[in-house]
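Step one of this worksheet: look at the structure below.
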Amino acid sequence: QVHLVESGGGLVQAGGSLRLSCAASGRAFSSYAMGWFRQAPGKERECVAAISRGGGSTNCVHSVKGRFTISRDNPKNTVYLQMNSLKTEDTAVYYCAAALRVRLTNTAYEYNYWGQGTQVTVSS
């Protein structure tokens, strides 16, 4: 069992930055690939970025490439999402997820545990 708690969301103007954190407790954090997903009102949940157990990472959607970076700190049991040059279309609830696997994945059903989400609102 893994318990995930996101933090760092909030209201920011377009062009600004936020860093989301996801603290994990429970079974060995380093055993999990991690991902950040988001869901905007009326839209399906989508993968934003994912990172493997070993630290290899990727952006899942083209719209965030060059702006969002996922990273992990295994000794601190934490995964981060640095978001720069934010746009109004980035407004969504952002979720952290953990998958008991080695390689990263952008597929939601492959994740075993989910956090409660943190709201990110980007104003124009």
Side-chain angles (χ1 to χ4, degrees):
Q1 187 79 14
V2 173
H3 183 58
L4 303 172
V5 178
E6 302 97 336
S7 62
L11 175 64
V12 63
Q13 286 191 331
S17 297
L18 284 174
R19 188 177 79 156
L20 304 183
S21 299
C22 172
S25 60
R27 296 183 60 182
F29 175 72
S30 60
S31 299
Y32 292 84
M34 302 296 295
W36 284 98
F37 289 72
R38 68 185 180 186
Q39 188 165 19
K43 295 187 177 181
E44 292 187 356
R45 189 172 298 191
E46 66 176 356
C47 177
V48 174
I51 190 166
S52 69
R53 282 170 37 174
S57 65
T58 189
N59 295 127
C60 303
V61 290
H62 180 74
S63 62
V64 306
K65 287 186 187 298
R67 300 190 299 121
F68 290 11
T69 304
I70 187 172
S71 61
R72 66 189 299 160
D73 187 335
N74 285 345
K76 293 185 177 179
N77 287 1
T78 303
V79 63
Y80 304 97
L81 184 67
Q82 178 68 43
M83 305 186 295
N84 299 326
S85 302
L86 282 160
K87 303 177 181 181
T88 56
E89 52 263 44
D90 295 320
T91 295
V93 178
Y94 283 72
Y95 299 89
C96 170
L100 188 58
R101 53 184 285 142
V102 175
R103 299 178 66 180
L104 60 84
T105 177
N106 63 0
T107 306
Y109 72 77
E110 294 185 318
Y111 284 84
N112 307 98
Y113 302 101
W114 293 82
Q116 295 281 16
T118 185
Q119 177 70 47
V120 172
T121 302
V122 184
S123 64
S124 59

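When all heavy atoms are compared, the tightest approach of Leu86 to Leu18 is CD1-N, 3.9 Å. Taking both residues in full, the closest heavy atoms of Cys60 and Asn106 are given as SG-CB, 3.5 Å, listed atom of the first, atom of the second, then distance. The shortest heavy-atom contact between Ala49 and Leu81 is CB-CD1, 4.1 Å. Minimum heavy-atom separation, Ala98 to Tyr32: CB-CD2, 3.8 Å. Minimum heavy-atom separation, Ser30 to Arg53: O-CG, 3.3 Å. Of all non-hydrogen atoms in Ala92 and Gln39, the two that sit nearest each other are CB-O, 3.4 Å.
Gln119 CD to Thr91 OG1: the interatomic distance, rounded to the nearest 0.5 Å, is 7.5 Å. Separating the SG atom in Cys96 from the CZ atom in Phe37 is a distance of 10.0 Å, to the nearest 0.5 Å. Distance CD/Glu89 to OG/Ser63: 7.5 Å, rounded to 0.5 Å. Atom CZ of Arg72 is separated from atom OG of Ser52 by 7.0 Å, given to the nearest 0.5 angstrom. Atom OH of residue Tyr113 and atom NE2 of residue His3 lie 12.5 Å apart, to the nearest 0.5 angstrom. Here the straight-line distance linking atom CZ of Arg101 with atom CD of Glu110 works out to 4.5 Å at 0.5 Å rounding.
Leu104 and Tyr94 fall into different hydrophobic clusters, defined by Ile, Leu, Val, Met, Phe, Trp and Tyr side-chain heavy atoms under 4.5 Å apart, directly or through other members. In this structure, Ile70 is not a member of the same hydrophobic cluster as Trp114, with clusters built from ILVMFWY side-chain heavy atoms closer than 4.5 Å. Under a hydrophobic-cluster definition in which Ile, Leu, Val, Met, Phe, Trp and Tyr are linked whenever side-chain heavy atoms come within less than 4.5 Å, directly or via other members, Met83 and Tyr95 are assigned to different clusters. Both Leu20 and Val122 belong to a common hydrophobic cluster when Ile, Leu, Val, Met, Phe, Trp and Tyr are linked at side-chain heavy-atom distances under 4.5 angstrom. The hydrophobic clustering, which links ILVMFWY residues whose side-chain heavy atoms are closer than 4.5 Å, places Val48 and Val5 apart.
In this structure the side chain of Phe29 never reaches within 4.5 angstrom of the side chain of Val2, judged on heavy atoms.
Under the 3.5 Å distance criterion, the side-chain polar atoms of Glu6 are left unmatched by any main-chain donor or acceptor of Thr118. Side chain of Asn112 to backbone of Leu100: a donor-acceptor contact under 3.5 angstrom is found.
Both tests hold for Arg19 against Tyr80: distance to the six-membered ring centre under 6.0 Å, angle to the ring axis within 45°. Geometrically, Arg38 does not engage Phe68 in a cation-pi contact defined by less than 6.0 Å to the ring centre and at most 45° from the axis.
When Thr78, Asn74, Val79 are each tested for a side-chain contact (heavy atoms from CB on, under 4.5 Å) with Lys76, only one passes: Thr78.
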